Enquirer: 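Have a look at this one before I ask anything.
Proteins get letters first, then strands, A, B, ... in listed order; numbering begins at 1 in each. Since we're looking at a predicted model, the values are computed, not measured.
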Number of protein chains: 2
Amino acid sequence: MDSNTIARIQAIITKNSELFEELAQLYKLFGDSSRVKILCALTQSEMCVGEISEFLSITQSAVSHQLRILKSSNLVKSRRQGKNIVYSLTDEHVKTIIDCGMEHLSE
Amino acid sequence: MDSNTIARIQAIITKNSELFEELAQLYKLFGDSSRVKILCALTQSEMCVGEISEFLSITQSAVSHQLRILKSSNLVKSRRQGKNIVYSLTDEHVKTIIDCGMEHLSE
DNA sequence: ATAAAATATGAACATTTGCTCATATGTATT
DNA sequence: AATACATATGAGCAAATGTTCATATTTTAT
C-alpha cells in the first residue's frame with residue numbers, strides 16, 4: 001500500500017466510525033435466526049403475534065420480545081386490529097437485505 | 001390471511017429452516033463494529049494484520065481473533081508475504097452486503 | 001362486570017461473545 | 001544460531017444476548 005492509499009483508508013475509517021457502529025447494530029438485528037425468520041415471514045404478509053409464534057414454533061413470549069427489539073429499531077411497525085396486534089415491515093429495505101444475504105449463501 | 005397464504009408461508013419457513021440459521025450466522029459476522037470495520041477496510045485494499053490493527057485502533061490480538069472468525073467463515077482469505085500475512089476479501093459479496101446495509105442507514 | 005383471549009413485560013438464567021493478557025509459533029535479519 | 005518482528009492462540013473474564021416463566025395489561029365476549 002502506498003501512502004496515499006493508507007491516508008485515504010485511514011480517513012474513511014475514522015470519519016465514519018459512528019456509521020460503522022450503526023451498521024453493525026443493523027446487522028445484529030438480522031444475526032439471530034428467530035429474528036430473520038420473523039422478518040422473512042413478514043416479507044410475505046403482515047401478521048399478528050400469534051401467527052408468527054405458530055409459524056415459527058417459537059414461544060409467544062419470545063416472539064414478543066423480539067418484535068419489541070425489531071420495532072424499536074424501526075424495522076417493523078404494528079397496529080391493533082381487534083384482539084390482535086398486527087405487525088408488518090416498515091419498508092422494503094428488510095427484504096432487500098435478506099435477499100442480499102441469501103444471494104451470498106447460494107453459491 | 002387466507003388459508004392459501006398461511007400454507008404458503010408455513011411451507012417457506014419450515015422448508016428453509018436450516019437456511020435461516022445460515023443466514024443469521026452470516027449476518028452475525030457483520031453485526032460487530034470491529035468486524036465490519038475490518039471488512040470495510042478490506043474492500044478498499046488487501047492489508048496485513050498490523051495495518052488493520054493500526055487503522056482501527058484495535059489490539060493486534062483482537063484483530064487476529066476476528067480475522068480468524070472471518071476466515072473460517074470464508075469471508076476473507078490470507079496469504080503470507082514475507083514477515084506479514086496479508087488478508088483480503090474472498091469475493092465481492094462482502095462489499096455488496098455492506099453497501100446494502102449502508103443504503104438502509106442513509107434515509 | 002367478569003371471564004377469556006392476545007400481547008407485553010420483568011426477572012432470572014444459561015449461553016455466547018469479544019476483549020485482554022500472556023505466550024506460542026513462524027519468519028526474517030544479523 | 002540468536003534475536004527481533006509479525007501473527008496466532010488459549011485461558012479467563014465481563015458484558016451482552018435470547019429464552020423461559022410468571023404475571024401484567026388491554027381488549028373482546030358473555
Enquirer: To the nearest Å, how far apart are Leu56(B) CG and dC19(C) C1'?
Expert: 15 Å

Enquirer: Rounding to a whole Å, what distance do you find between Glu54(B):CD and dT7(D):C1'?
Expert: 15 Å

Enquirer: Hey, does the side chain of Asn84(B) come within less than 4.0 Å of dT27(C)'s phosphate (OP1/OP2), counting only N and O?
Expert: no

Enquirer: Report the distance from atom CZ of Arg80(B) to atom P of dT7(D), rounded to the nearest whole Å.
Expert: 8 Å

Enquirer: Please check the phosphate of dA8(D) (OP1 and OP2 only) for any side-chain N or O of Tyr87(B) closer than 4.0 Å.
Expert: yes

Enquirer: Are any non-hydrogen side-chain atoms of Gln66(A) and Ile69(A) less than 4.5 angstrom apart?
Expert: yes

Enquirer: Take the protein atom CD1 of Ile85(B) and the nucleotide atom P of dA8(D), then report the distance between them rounded to whole Å.
Expert: 4 Å

Enquirer: Can you measure Arg68(B) atom CZ to dG10(D) atom P for me and round it to whole angstrom units?
Expert: 7 Å

Enquirer: Angle between ring planes, His93(B) versus His104(A), binned at 30° and 60°: parallel, tilted or perpendicular?
Expert: perpendicular

Enquirer: Among dA28(C), dT20(D), dA8(C), which is the nearest nucleotide to the side chain of Lys83(B)?
Expert: dA28(C)

Enquirer: Rounded to whole angstrom units, what separation is found between the CD atom of Glu21(A) and the P atom of dG18(C)?
Expert: 13 Å

Enquirer: Check Leu26(B), Leu67(B), Ile38(B) against Leu75(B) for a side chain to side chain contact (heavy atoms under 4.5 Å, CB included) and give me the one that passes.
Expert: Leu26(B)

Enquirer: Can you tell me if Gln81(B) touches the phosphate of dT27(C), counting only side-chain N or O atoms and a distance under 4.0 Å to OP1 or OP2?
Expert: no

Enquirer: With nearest nucleotides of DNA chain D determined for Val63(B) and Ile69(A) from heavy-atom distances, which residue corresponds to the more 5′ nucleotide?
Expert: Val63(B)

Enquirer: Distance check: side-chain N/O of Ser34(B) vs OP1/OP2 of dC19(C), anything under 4.0 Å?
Expert: yes

Enquirer: Counting distance only, does the side-chain N/O of Lys77(A) pair as donor-acceptor with the main-chain N or O of Tyr87(A) below 3.5 Å?
Expert: no

Enquirer: Give a yes or no on whether a donor-acceptor pair under 3.5 Å exists between the nucleobase atoms of dT9(D), that is its base, and the side chain of Ser61(B).
Expert: yes

Enquirer: What nucleotide, of dT9(C), dT27(C), dT9(D), holds the atom closest to the side chain of His65(B)?
Expert: dT9(D)

Enquirer: With a 4.0 Å limit, can you tell me whether Thr59(A) has a side-chain N or O closer than that to the phosphate oxygens OP1/OP2 of dT20(D)?
Expert: yes

Enquirer: Counting only side-chain nitrogens and oxygens, does Lys28(A) get under 4.0 Å of the OP1 or OP2 atom of dT17(C)?
Expert: no

Enquirer: Strictly below 4.0 Å: does Arg35(B) bring a side-chain N or O up to OP1 or OP2 of dG18(C)?
Expert: yes

Enquirer: Heavy atoms under 4.0 Å, any strand shown: does Gln60(A) hit a base, just sugar-phosphate, or nothing?
Expert: base

Enquirer: Is the shortest side-chain heavy-atom distance between Asn74(A) and Asp91(A) below 4.5 Å?
Expert: no

Enquirer: Figure out the NZ/C1' separation between Lys37(B) and dC19(C), and round it to whole Å.
Expert: 14 Å

Enquirer: Quickly work out the Gln66(B) CD to dA8(D) P distance and round it to whole Å.
Expert: 13 Å

